[in-house]
*Asks:* 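Structure provided below as structure tokens; questions to follow.
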There are 2 protein chains.
Amino acid sequence: MGHSRAEKAKTHKRIVSIASKKFREKGLAGFGIAELMKEAGLTVGGFYKHFDSRDDLVAEAVNSAFGGWQRRTDASKSGGSPVSVARLIDEYLSETHRDNPGSGCAFSALAPEIARSDKRTRSLTSEQVRRDFQLIATLLPARDRRTARSRAILIISALVGALSMARAVSDEALSREILGTVREVLKHSAVSHPEAKA
Amino acid sequence: MGHSRAEKAKTHKRIVSIASKKFREKGLAGFGIAELMKEAGLTVGGFYKHFDSRDDLVAEAVNSAFGGWQRRTDASKSGGSPVSVARLIDEYLSETHRDNPGSGCAFSALAPEIARSDKRTRSLTSEQVRRDFQLIATLLPARDRRTARSRAILIISALVGALSMARAVSDEALSREILGTVREVLKHSAVSHPEAKA
DNA sequence: ATTATCTATAGATCTATAGATAATGC
DNA sequence: ATTATCTATAGATCTATAGATAATGC
């Protein structure tokens, strides 16, 4: 009890990190503050010295859950395995991603709940979406930026929808079919390879 | 108090119908049984003579929320305005649909929450997804059924993802851009018009 | 002295059940 | 007699706050 300020900052990050994972796994209403604080090795009373309200935590935790592609691209630049849109598609629509929402895309795990959240959460989400559109558009070959952006928006929409559906159905074969089909169609269609069209 | 069996069946349908709308609007955990029964003009006590548990209601209400395209197509056959995939795309990605989740697609409103629901809800959802894939595949022109099915799966994925994102962002311009872009790309790309490719 | 965290709890939920009441239906 | 619905409530949550405790940091 009674720690330093540096310690508090670390504690804050730990709470956000755990919440960010748990929200994606169990939904924005899937657990209470007591359960969260316990997992962080703390008790419920300390929570409100870190956040004004539960919604405050939601905004911060959801926001921190975004940026996977950005981190993936940065890692690639500093020596990780190289990225291409085809690669990001394969990773996004993998069974690993499907079965591990806690460390995956916040959108496929939470989009409808974010839509019902307060202004701050949705505002932060808007920025992240804009960032992802830009990131994918930059990675796409295209005649012009406008075309690249359109394709990026279609690809991201298809990814989010396909993963959401693959998780919602209980039939494993159907789930795999969704992942596999969208993976292949996106990679081979004229949408991501415009050259093939001309 | 104390009504006929026919009356009870009607009451049951009314509860399911209201719940189906409210789930899509407020999420699967967005309201309690007391609130629901009050909206149906009843009190909380009667609920468990209609459903074994809350999850039972979820399964039934979510299932009844599907089938929009089927009803749309049936209506068209019996004299309504004609359907085509292009038309369904325009309707699905309209601002009207975006702003009225209660009467819209259960998938874009609930997919991640369905993914966390019990077996029965997910099993019923699987069947509905299969039905929708078939329905759209049938409406698509294609060399063979396999190609049509692949395209149907891509289109539906893109629709669900685009609408989910359009609802989640707070920036109206960005939201409209998502709807408009996916609408146009899906309608014009080789994905839905294979002839253009050959 | 300030503050990060703790214990304890108020007040508002929510699901589910028990038992009463007023109809239906044999 | 059966049953569809009602009133009332038990027991388990959950968010947020008050006040105590044990550190930090001037």
Side-chain angles (χ1 to χ4, degrees), chain A residues 1-62 110 113 116-121, chain B residues 1-62 110 113 116-121:
Chain A
M1 199 192 281
H3 299 71
S4 71
R5 284 176 180 188
E7 204 72 34
K8 187 183 180 184
K10 274 178 75 178
T11 300
H12 187 94
K13 277 186 191 164
R14 193 168 73 251
I15 297 171
V16 171
S17 163
I18 294 171
S20 171
K21 183 163 184 262
K22 280 178 82 76
F23 281 140
R24 280 174 281 179
E25 284 169 354
K26 314 183 74 180
L28 296 185
F31 56 94
I33 289 161
E35 182 182 326
L36 170 68
M37 293 299 273
K38 192 171 184 180
E39 275 190 50
L42 301 162
T43 60
V44 64
F47 181 84
Y48 291 91
K49 292 282 154 44
H50 283 279
F51 306 94
D52 282 346
S53 67
R54 192 182 191 282
D55 278 346
D56 226 55
L57 167 71
V58 169
E60 204 174 326
V62 167
L110 296 170
E113 290 184 274
R116 289 176 225 115
S117 296
D118 64 17
K119 191 70 208 295
R120 179 138 176 269
T121 300
Chain B
M1 199 191 282
H3 300 71
S4 72
R5 285 173 179 193
E7 203 72 35
K8 187 182 183 187
K10 274 177 77 177
T11 299
H12 187 95
K13 276 186 190 164
R14 194 167 73 251
I15 297 170
V16 171
S17 163
I18 295 171
S20 171
K21 183 164 186 262
K22 280 177 82 77
F23 281 140
R24 282 174 281 178
E25 284 169 353
K26 312 183 75 180
L28 297 185
F31 55 94
I33 290 163
E35 182 182 327
L36 169 68
M37 293 299 274
K38 192 170 183 183
E39 275 190 52
L42 302 161
T43 60
V44 65
F47 181 84
Y48 291 90
K49 292 283 153 47
H50 283 280
F51 307 94
D52 283 345
S53 67
R54 192 182 191 282
D55 278 346
D56 227 55
L57 167 72
V58 169
E60 203 174 327
V62 166
L110 296 170
E113 290 184 273
R116 290 176 223 115
S117 296
D118 63 16
K119 191 70 209 298
R120 179 138 176 268
T121 299

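Source: prediction; values computed, not measured. Each chain gets a letter, A, B and so on, in the order its sequence line appears, and its residues count up from 1. As a basis for the values below, the full set of heavy atoms in this structure was taken, side chains included, without hydrogen atoms, waters or symmetry mates.
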*Asks:* Are OP1 or OP2 of D:dT5 and a side-chain N or O of B:T11 less than 4.0 angstrom apart?
*Replies:*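 Yes, within the criterion.
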
*Asks:* Find out whether A:H12 and A:E60 are in side-chain contact, i.e. whether some heavy atom of one side chain is under 4.5 Å from a heavy atom of the other.
*Replies:*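 With C-beta onward as the side chain, the pair touches.
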
*Asks:* Which whole-number value in Å describes the distance from B:H12 NE2 to D:dT3 P?
*Replies:*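 Distance, rounded to whole Å: 17 Å.
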
*Asks:* Return the nearest nucleotide to the side chain of A:K8; candidates are C:dA16, C:dA4, D:dT3.
*Replies:*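 The listed nucleotide nearest to A:K8's side chain is C:dA4.
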
*Asks:* Indicate yes or no for a side-chain donor-acceptor contact from B:D55 to the backbone of B:V58 under 3.5 Å, with no hydrogens or angles considered.
*Replies:*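 It does not hold such a pair.
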
*Asks:* For B:L28 and B:S117, which heavy atoms make the closest approach, and how far apart are they?
*Replies:*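 Smallest heavy-atom distance, with atoms named: CD1-OG, 3.4 Å.
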
*Asks:* Starting from C1' on D:dC6, measure out to CD1 on B:I15 and report it in whole angstrom.
*Replies:*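 Going from B:I15 (CD1) to D:dC6 (C1'), I get 14 Å.
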
*Asks:* Among the candidates C:dA16, C:dA4, C:dT7, find the nucleotide nearest to the side-chain atoms of A:T43.
*Replies:*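 Ranking C:dA16, C:dA4, C:dT7 by closest atom to the A:T43 side chain puts C:dT7 first.
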
*Asks:* Report the distance from atom CD1 of A:I33 to atom P of C:dA10, rounded to the nearest whole Å.
*Replies:*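 The distance from CD1 of A:I33 to P of C:dA10 comes to 19 Å, rounded to the nearest Å.
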
*Asks:* Does C:dA4 have a Watson-Crick or wobble mate here (both distances under 3.5 Å), and if so which one?
*Replies:*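 The base-pairing partner of C:dA4, which may sit in any strand shown, is D:dT21.
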
*Asks:* Let me know the distance between CG of B:D55 and P of C:dC14, rounded to the nearest Å.
*Replies:*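 Atom CG in B:D55 sits about 16 Å away from atom P in C:dC14.
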
*Asks:* Would you say B:Y48 reaches C:dA16's phosphate, i.e. side-chain N/O to OP1/OP2 under 4.0 Å?
*Replies:*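 So the side-chain polar atoms of B:Y48 do come within 4.0 Å of the phosphate oxygens OP1 or OP2 of C:dA16, strictly under.
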
*Asks:* Rounded to the Å, how far apart are B:F51 CZ and D:dT5 P?
*Replies:*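 Distance check: B:F51 CZ to D:dT5 P gives 11 Å.
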
*Asks:* Does B:K26 qualify as a cation-pi partner of B:F31, given the criterion of NZ or CZ under 6.0 Å from the six-membered ring centre and within 45 degrees of its axis?
*Replies:*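 Verdict for B:F31: no cation-pi partner in B:K26.
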
*Asks:* Please state how far atom CZ in A:R14 lies from atom C1' in C:dA4, giving the value in whole angstrom units.
*Replies:*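 The answer, rounded to whole Å, is 12 Å.
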
*Asks:* Is the phosphate of D:dC14, meaning OP1 or OP2, less than 4.0 Å from a side-chain N or O of A:R54?
*Replies:*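 Negative; the distance criterion is not met.
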
*Asks:* How close or far is atom C1' of D:dA4 from atom CZ of B:R5, stated in whole angstroms?
*Replies:*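 One finds 11 Å between C1' of D:dA4 and CZ of B:R5, rounded.
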
*Asks:* How far apart are the closest heavy atoms of A:R120 and A:A59, and which atoms are they?
*Replies:*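 For A:R120 versus A:A59, the nearest heavy atoms are NH1-CB, 3.7 Å.
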
*Asks:* Return no unless some side-chain N or O of A:S4 is found under 4.0 Å from OP1 or OP2 of D:dA23.
*Replies:*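 Checking A:S4 against D:dA23: no side-chain N or O falls below 4.0 Å of OP1 or OP2.
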
*Asks:* I need the CD-P distance between B:E7 and C:dA23, as an integer number of Å.
*Replies:*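 Atom CD in B:E7 sits about 13 Å away from atom P in C:dA23.
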
*Asks:* Closer to the 5' end of DNA chain D via nearest nucleotide, is it A:K49 or B:H50?
*Replies:*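 Closer to the 5' end of DNA chain D: B:H50.
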
*Asks:* Find which nucleotide of DNA chain C each of B:G32 and B:A6 is nearest to by heavy atoms, and output the residue with the more 5' nucleotide.
*Replies:*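 By nearest-heavy-atom nucleotide position, the 5'-most residue is B:G32.
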
